[in-house]
Structure formats: C-alpha cells, structure tokens
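Worksheet for the structure shown next.
All of these numbers come straight from a predicted model, not from anything done at the bench. Remember, it's 1-based here, ligands and their atoms both numbered in the order they're listed. Only heavy atoms go into these numbers, but all of them, side chains included; no hydrogens, no water, no symmetry mates.
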Amino acid sequence: MSSPHESLLQVENLEVLIPRPSANGKSIENLRAIDGISLSLRAGRTLGLVGESGSGKSLTALSIMGLLPPPAHITSGRVVLEGRDITALGDRQRAKLRGDRVGMVFQEPMTALNPVKSIGDQVSETLILHRGVRRKEAWDHAENMLARVGIPGTKARMRHYPHQLSGGMRQRVLIAMALICHPPLLIADEPTTALDVTVQAQILDLLMEMQEEMGMAIMFISHNLAVISEIADEVAVLYAGRVVEKGPAKALFKDPRHPYTQALLATIPKLAGRERAREARLLSIPGRVPVITQEERRCRFMERCPLAGPVCTFIDPELQEVGPNHKVACAKIDP
Ligand SMILES: Nc1ncnc2c1ncn2[C@@H]1O[C@H](COP(=O)(O)OP(=O)(O)O)[C@@H](O)[C@H]1O
Ligand code: SF4
Ligand SMILES: [Mg+2]
C-alpha cells in the first residue's frame with residue numbers, strides 16, 4: 001500500500017485499441033482510442049479530466065475500473081492503484097476492487113441503478129458484498145449514508161424504487177453507493193451533465209463536502225472546463241486519445257499554453273460569476289476530434305489549430321515541462 005503522500009493512482013503510458021472493420025470492409029483496423037496516456041492522482045486530491053466528446057475520457061475511466069467494453073482492450077501500459085498493477089489482475093480480483101477501493105458515479109444514474117430493486121437493497125448490497133456485513137447492519141449503514149448525501153425522509157426512501165426519485169436524488173443514491181465502503185478513489189464520469197443547473201451545482205457541492213469528510217481522491221470527468229475549474233486541483237486536457245496539457249489547476253487556468261486548452265476556455269461564455277457560467281451553454285470549437293487509426297507523425301489538433309504551421313505536419317508533439325508540474329504537447333511551445 002502507498003503512503004498518503006505518494007501517488008494513489010498512476011496511469012502509465014496507457015494504450016487502448018478498438019478493432020473495427022476498415023472503410024472498405026475488407027480488413028480490420030485499430031482505432032487508437034487511448035494512445036499513450038499517463039496520469040497521476042494523489043490521495044485526497046481531485047484530478048479533472050477534460051476534453052470534447054470522443055477524446056477518450058470515459059475509456060480512460062473504464063480502463064482503470066477494468067470495465068472496457070469489448071472489443072476495446074488495453075494493449076500496453078499499466079494502471080497502478082495503491083502500489084498494485086491492476087491491469088495484471090484477473091477479472092475476479094478486479095471486480096473486488098470496484099466499490100471497495102474504487103467507487104464510480106456515471107452520467108445517467110437511471111442506467112446504473114437496478115429498476116426492480118429498492119434503494120435500500122442496492123445501497124446496502126455493496127457493504128454485504130465487500131465487507132460481509134449482515135443485512136440488518138448493512139441496511140442501517142445504508143440509511144445513514146443516504147442521510148449523509150442529503151436525501152430527506154431516508155427511512156421511507158430506502159423502500160422506494162429508482163423511478164420514484166428525481167434525477168438529482170438518483171445521483172445522490174449513486175454517490176452513497178459509491179462511497180459506502182469508503183474507497184480511497186472515486187471516479188465520477190460526467191456526473192452532473194444530465195442534470196439541470198441548480199441540481200448540478202448541488203451535486204458538485206455534495207462531492208466536495210463528501211471529499212472533505214471522507215478524504216477520498218476524485219477523478220472528475222467533464223467536457224465542461226467551467227465545471228472542472230470549480231472542483232479540480234490538477235487538470236489533464238485530453239484530445240484524440242492523448243493528454244495535450246496537464247498541470248495544477250491554478251497554473252493551467254491562469255496560463256493555458258496549448259491552443260486546444262485555450263480554445264476550450266474560450267467556449268466558456270464570459271458571464272459574471274460562476275453560477276452564470278454554468279448556466280450558459282458551452283460554445284463549440286469549429287471542427288471535430290479526429291479518429292486516429294495508425295501511428296501518425298503530425299499534430300492531431302492541426303486541422304483546427306489557429307497556430308498550425310509547417311512544423312506541425314511532421315512532428316507528433318510530446319509533453320514538455322513549461323512550469324512546475326505543468327506540461328504541454330505542442331511543437332510551437334518553447335519551454
Ligand atoms: N464501445 C465502443 N466501440 C467502438 N468505439 C468506441 C466505443 N467506446 C468508445 N469508442 C470510441 O473511442 C473514442 C473515445 O471514446 P470515449 O472514451 O467514450 O470518449 P469521451 O468519454 O471523451 O467522450 C471515441 O472515438 C469513441 O467513438
Ligand atoms: S503542434 Fe502545431 S497544430 Fe499542434 S497545437 Fe501546437 S501549434 Fe497547433
Ligand atoms: Mg464519456
């Protein structure tokens with residue numbers, strides 16, 4: 001086990017390929033969905049993972065949890081959690097980690113909950129499964145946990161079914177389920193995206209409160225840099241399966257160096273106050289994230305980059321340090 005000062009989670013050079021039929025249907029090509037991503041997260045801290053849809057955020061999270069949907073698979077790299085390479089574990093051992101060492105919250109709580117099981121049964125199940133706690137005791141813990149995540153009328157709610165709850169309440173239930181075993185890591189993949197703005201703000205506040213109370217690290221995934229800016233200590237910006245910029249949130253927001261990070265920041269409407277920024281719709285960057293199927297020696301952001309020049313056509317930029325722990329992958333950046 002690692003000490004609290006060391007990295008709790010390290011993703012090292014992770015590569016995930018997805019085989020699929022080529023355009024002419026005559027052969028198989030590999031979509032390079034995650035192409036050499038490295039990340040690290042210390043105990044009790046929050047890492048924000050940001051990028052447009054299709055940049056590889058969810059597949060990164062699913063790789064960590066051992067839940068990649070076939071035929072997607074890890075072809076190289078490691079995921080080290082609490083000092084253990086979890087990519088080397090078998091399916092059963094990895095399943096044991098989920099809920100116990102890693103809690104998960106997704107965008108759409110309804111699909112993550114079982115529609116025919118009561119809330120009480122679902123929240124207590126994790127404890128019964130991982131801790132061997134007896135049903136009655138697990139039920140009491142679950143009731144307590146629901147109260148802690150701000151669900152009123154807990155006793156009655158325990159006997160309710162998911163469809164009887166609002167979207168925000170269902171997300172609170174998922175957070176209770178994810179945290180009931182006190183995992184050192186919570187992965188939240190777009191947990192507020194499907195909710196309306198007021199509820200979104202409440203769920204963000206709840207995650208921060210729970211972190212203060214329980215001390216878990218959070219990997220918080222969002223396509224919205226405004227949301228990330230509210231919660232993250234560290235930020236990694238993903239583009240087409242690569243990290244293009246990462247660093248302490250303060251440095252990255254004050255001095256974003258990659259043209260993609262700058263473009264993402266420009267999508268946040270400049271309104272007074274954080275609440276207003278959350279309310280406004282994000283603007284979009286013209287163009288879309290390219291699909292990469294082979295090793296390319298050029299910058300993946302080239303087609304959309306306002307600074308692109310000849311050098312960008314033959315260099316696939318590596319991350320380089322531009323400040324303390326602040327790294328950028330752009331051929332035109334001088335360290
Ligand atoms: N089950 C799948 N089958 C085929 N391609 C997939 C699958 N899941 C994701 N992808 C592809 O992998 C890339 C990254 O996806 P994802 O990690 O879901 O992105 P994000 O969460 O950042 O929106 C995308 O190009 C997406 O189309
Ligand atoms: S390498 Fe070139 S194309 Fe890529 S982000 Fe930097 S300036 Fe833009
Ligand atoms: Mg996603």
With side chains defined as the heavy atoms from C-beta onward, is the minimum distance between Glu15 and Asp35 less than 4.5 Å? yes
Between Glu213 and Arg148 (salt bridge meaning N to carboxylate O under 4.0 Å), is one present in this structure? yes
Hey, does His258 sit under 4.0 Å from ligand 2 if you only count heavy atoms? yes
Proximal atoms of ligand 2 relative to Cys312 (non-hydrogen, under 4.0 Å): 1 (S), 2 (Fe), 3 (S), 7 (S)
Close approach of Gly51 to ligand 1, heavy atoms, under 4.0 angstrom: no
Heavy-atom gap Ile18 to ligand 1 smaller than 4.0 Å: yes
Short check: any N/O/S atom of Ser58 below 2.8 Å from the Mg ion (ligand 3)? yes
So, 4.0 Å and heavy atoms of His223: is ligand 1 close enough to count as a contact? no
How far is atom 25 (O) of ligand 1 from the closest protein heavy atom, and which atom is that? Gly54 O, 3.9 Å
With heavy atoms and a 4.0 Å threshold, my read on which part of Glu52 contacts ligand 1 is backbone
I need the atoms of ligand 2 closer than 4.0 Å to a non-hydrogen atom of Cys305, numbered in the order shown. 3 (S), 5 (S), 7 (S), 8 (Fe)
Element-labelled atoms of ligand 1 that are located less than 4.0 Å from some non-hydrogen atom of Ala33: 12 (O)
Examine Cys330 and say whether one of its N/O/S atoms is closer to atom 6 (Fe) of ligand 2 than 2.8 Å. yes
Identify, by atom number and element, the atoms of ligand 1 in contact range of Pro69, meaning under 4.0 Å from any of its heavy atoms. 1 (N)
Identify the protein heavy atom lying closest to atom 4 (Fe) of ligand 2, giving its residue, its atom name and the separation to 0.1 Å. Cys299 SG, 2.3 Å
Exercise check, heavy-atom protein proximity under 4.0 Å to atom 27 (O) of ligand 1: no
